[in-house]
Number of protein chains: 2
Amino acid sequence: MKDINTEQNILNAAITVFQKKGMAGARMQEIADEAQINKAMLHYYFRNKQQLFEAVLMKAFQKLAPQMNIIFAMEINVYDKIRQFTSSYIDFVLENPYLPTFIIHELNNDPQFATKLMAHPNKPDPKPLLRQFEEEIKAGNIKDIPPVQLLLNLFSLTIFPFVGETLFKVILDISDTHYHELLIARKTELADRFIESIRT
Amino acid sequence: MKDINTEQNILNAAITVFQKKGMAGARMQEIADEAQINKAMLHYYFRNKQQLFEAVLMKAFQKLAPQMNIIFAMEINVYDKIRQFTSSYIDFVLENPYLPTFIIHELNNDPQFATKLMAHPNKPDPKPLLRQFEEEIKAGNIKDIPPVQLLLNLFSLTIFPFVGETLFKVILDISDTHYHELLIARKTELADRFIESIRT
DNA sequence: ATATGGTTTAACCAAGTGGTTAACAAAAGT
DNA sequence: ACTTTTGTTAACCACTTGGTTAAACCATAT
């Protein structure tokens with residue numbers, strides 16, 4: 001029996017397993033099981049583990065990057081752009097909880113991977129946002145802080161509570177549901193609090 | 001020839017390897033090589049990989065936790081506490097760059113590990129700091145934001161630029177040295193900027 | 001029908017892995 | 001001195017892992 005879309009099926013299974021276990025921890029057999037398919041099929045469609053992994057990596061990045069780029073390039077004022085960014089990024093991470101940690105982890109111990117992402121056609125480019133920061137600072141509407149640092153702050157405040165969820169739950173000693181309430185509250189409040197904190 | 005401190009030697013080597021490669025990616029032989037020692041010694045001192053890993057985990061946590069606890073419990077005002085925290089945490093991460101990502105990654109795919117940390121005697125307890133936030137809010141000196149969210153912000157702003165270093169370097173498209181300059185600048189500026197941003 | 005060519009499977013393989021063992025070396029008791 | 005305990009090593013083992021292969025399957029074209 002021929003499944004018309006075995007390749008996508010494999011890729012989805014691989015994303016699930018790789019994101020959770022990482023390159024080193026993932027097992028080809030586990031991916032095959034997840035896809036309910038024979039292990040040899042993985043090699044038939046994607047030569048070997050490394051190439052399957054890279055396909056997953058690219059697909060994961062492709063899920064994330066274009067969306068960010070659209071927001072960065074929007075023709076709206078900085079403040080709306082900040083609101084847009086936090087809101088849609090948080091939505092995204094809520095649906096792909098393992099993805100940021102996965103990318104960071106693999107980026108950490110495969111320097112080559114960084115180079116590959118640099119060359120990615122849809123690589124997120126925050127320059128438009130940086131320029132807007134600069135303009136607002138010059139206009140005296142935003143505190144005089146290097147735009148790059150503002151960007152680091154925005155990213156950190158948005159992403160890290162998700163990346164470090166498990167760590168925070170230990171430190172704060174709170175339950176899963178309680179922590180998720182915090183995150184939901186953040187989604188509606190983060191942007192405006194950040195904006196207020198950088199306004200002169 | 002008997003080395004009086006083989007155990008510590010192994011532990012240090014294991015920390016190095018485990019932090020970089022993670023539990024799944026680390027190889028017992030590689031740890032032995034790093035310690036310049038026979039592989040069987042690893043099993044002589046620490047039964048198996050799992051137990052060696054847990055010893056490493058505990059030691060890593062022990063390097064981090066007491067220091068945080070001391071600061072949290074200090075009898076100083078909130079603002080000095082914030083300055084103290086960011087400064088010494090940044091120093092710590094500069095010397096142990098892989099540690100936070102390592103803890104988060106392993107915490108993510110071994111739920112049992114979280115339970116173990118919860119029971120750790122020196123588990124960081126941010127309650128004193130949370131209480132101070134609350135007092136200052138009541139006194140009208142700090143904006144009315146839930147203390148837990150303030151803590152999430154403080155942690156995120158301090159830790160994430162280190163955890164996500166590789167990711168940021170790709171997104172910002174800047175060099176290693178340039179990024180490190182940003183981090184150094186952050187060390188001196190972060191605390192006061194954060195304080196100013198939450199003051200009424 | 002049957003030949004064709006892409007797809008799928010079970011069985012297999014070589015290399016790498018964590019872990020053991022038995023012999024040996026060095027201290028430490030006696 | 002010599003016995004016992006602790007530390008160290010090389011060789012080995014069982015098993016997992018990524019990867020291969022040869023045969024079977026199945027849709028389609030002829």
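Remark: B:Tyr44 is not in phosphate contact with D:dT9, judged by side-chain N or O atoms under 4.0 Å from OP1 or OP2. One finds no side-chain N or O of B:Thr6 lying less than 4.0 angstrom from the OP1 or OP2 phosphate oxygen of D:dG7.
Residue pairs satisfying the salt bridge (Lys or Arg N to Asp or Glu O under 4.0 Å) criterion with at least one member in residues 163-176 of chain B, sequence neighbours excluded, are listed as follows: A:Lys123-B:Asp173, B:Glu165-B:Lys169, B:Lys169-B:Asp176.
Shown here are the salt bridge (Lys or Arg N to Asp or Glu O under 4.0 Å) partners of A:Glu95, two or more places apart in sequence or in another chain: there are none.
Separation of atoms CZ (A:Phe53) and CZ (A:Phe46) is listed at 13.5 Å; rounding is to 0.5 Å.
Put simply, CZ on B:Phe46 is 16 Å from P on C:dG18, counting in whole angstrom units. Separating the CG atom of B:Asn9 from the P atom of D:dT8 is a distance of 10 Å, rounded to the nearest angstrom. The interatomic distance linking A:Glu7 (CD) with C:dG6 (C1') rounds to 14 Å, in whole Å. Rounded to an integer number of Å, the gap from CE of B:Met41 to P of D:dT8 is 4 Å. Straight-line distance from the CG atom of B:Asn5 to the P atom of D:dT6: 18 Å, rounded to whole Å.
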In B/S/- notation (B base, S sugar-phosphate only, - none; protein heavy atoms under 4.0 Å), nucleotides 13-20 of chain D written 5' to 3' is ----SBBB
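Between the side chain of A:Asn69 and the backbone N or O of A:Asp125, at least one donor-acceptor pair lies under 3.5 Å. Checking side-chain atoms of A:Lys49 against main-chain N and O of A:Ala26 turns up a donor-acceptor pair under 3.5 Å.
Ring centroids of B:Phe160 and A:Phe162 are separated by 6.0 Å or more, keeping the two rings apart.
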